[in-house]
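Below is one structure, written out as structure tokens; the observations come after it.
Each ligand, and each atom within it, is numbered from 1 in the order the structure gives. As the structure is a prediction and not an experimental result, all values here were calculated from the model. For this chain, numbers begin at 1 and follow the sequence in order.
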Amino acid sequence: MRLKDKVAIITGAAAGIGEAAAQIFVREGARVLLADRNGPGVARVAERLGPQAAAIEVDVARSADVARMVAEAQRRFGRLDVLVNNAGYGIPGTVVTTEEDAWDALMAVNLKGVFLCCKHAIPVMAAQGGGTIVNTASNVATVGIFDRAAYVASKGGVAALTKAMALDHAAERIRVNCVAPGVTWSTYFDKMVAEHPDPEDFKARLKARAPVNRWAEPIEIANAILWLASDEASFATGAMFTVDGGMSAW
Ligand SMILES: NC(=O)c1ccc[n+]([C@@H]2O[C@H](COP(=O)([O-])OP(=O)(O)OC[C@H]3O[C@@H](n4cnc5c(N)ncnc54)[C@H](O)[C@@H]3O)[C@@H](O)[C@H]2O)c1
């Protein structure tokens, strides 16, 4: 019960890493507000998890939605101890081929979304005497990949913002860390495989990106998020926890 009596918000909790984190947070004793822009999807996940979980439809790029999300966690569960900023997505493109609108839309979710959620949650945590934030960055924040310029830049921003917030809020007893996953099976890859002319070749190349020659299951990333969110990580702040099957060690 590593999160006994804690209250958490997890964004992007309707699927993938966020859904897996919600499952283990509940198992470890937390009460969790699951936030996602996929309202019906996140409601289904919360229903499966039972009375410790509740769902809210939120676009993390919208300040009013984020304010409503933080208020709802307090109204329903009485406090806020943990914020997991996990909502995000990728798009293909170099800086030349990425449309300006697509760049802005991705940055509004992947980077500004983290800013907004922290902006609203940190004063609540500070007033309570502390809290902890875990951001889902990516190993591409440190190694880069081809044809994902906007995504790589957004995750580099999340990694840097993690350090800035760790410094700014250490005195308020708020720890801020990020996880840096490598390739992790998600709805994103489901779609890419379905649309690929040679799905098996695509999957083999995905696996081969890491020396362990496989992708992660979402739970393997969620376990790292759990550790950073728990009191076991009480001396960890400003850190990036890379969980990528050795991809960035190459
Ligand atoms: N899957 C990977 O290989 C991988 C690797 C490194 C980092 N990540 C990061 O992990 C995080 C989770 O991704 P995943 O792989 O579980 O993907 P996923 O697509 O399965 O889940 C992402 C969830 O975020 C939600 N979401 C997207 N935009 C949102 C918004 N504006 N407001 C609220 N919710 C929103 C989606 O509806 C979805 O439920 C993302 O930040 C992603 O960039 C993923």
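F189 and F202 have tilted rings, their planes meeting at an angle from 30° to 60° on a 0 to 90° scale.
Counting non-hydrogen atoms of neighbouring residues, nucleotides and ligands closer than 6.0 angstrom, the CZ atom of R62 reaches no more than 12 such neighbours.
For N38, the side-chain contact (heavy atoms from CB on, under 4.5 Å) criterion is met by A14, D36, P40, not counting sequence neighbours. In this structure, the side-chain contact (heavy atoms from CB on, under 4.5 Å) partners of Q52, at least two apart in sequence or on a different chain, are V26, R31. With sequence neighbours excluded, the residues forming a side-chain contact (heavy atoms from CB on, under 4.5 Å) with E195 are K191, listed by chain and number.
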Taking a 3.5 Å cut-off between nitrogen or oxygen atoms, can you list every pair linking ligand 1 to the protein, with distances?
residue  : atom   : partner : partner atom : Å
ligand 1 : 1 (N)  : T184    : O            : 2.9
ligand 1 : 3 (O)  : G182    : O            : 3.4
ligand 1 : 3 (O)  : T184    : N            : 2.8
ligand 1 : 3 (O)  : T184    : O            : 3.3
ligand 1 : 8 (N)  : Y151    : OH           : 3.4
ligand 1 : 16 (O) : I17     : N            : 2.8
ligand 1 : 19 (O) : T187    : OG1          : 2.9
ligand 1 : 20 (O) : T187    : OG1          : 3.0
ligand 1 : 28 (N) : R37     : NE           : 3.2
ligand 1 : 28 (N) : R37     : NH2          : 3.3
ligand 1 : 31 (N) : D59     : OD1          : 2.9
ligand 1 : 32 (N) : V58     : O            : 3.4
ligand 1 : 32 (N) : V60     : N            : 3.1
ligand 1 : 34 (N) : R37     : N            : 3.2
ligand 1 : 37 (O) : D36     : OD1          : 2.6
ligand 1 : 39 (O) : D36     : OD1          : 3.4
ligand 1 : 39 (O) : D36     : OD2          : 2.7
ligand 1 : 41 (O) : N86     : O            : 2.8
ligand 1 : 41 (O) : K155    : NZ           : 2.9
ligand 1 : 43 (O) : Y151    : OH           : 2.8
ligand 1 : 43 (O) : K155    : NZ           : 3.2

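Side-chain contact between D244 and V143: absent, with no pair of heavy atoms (C-beta onward) separated by less than 4.5 Å.
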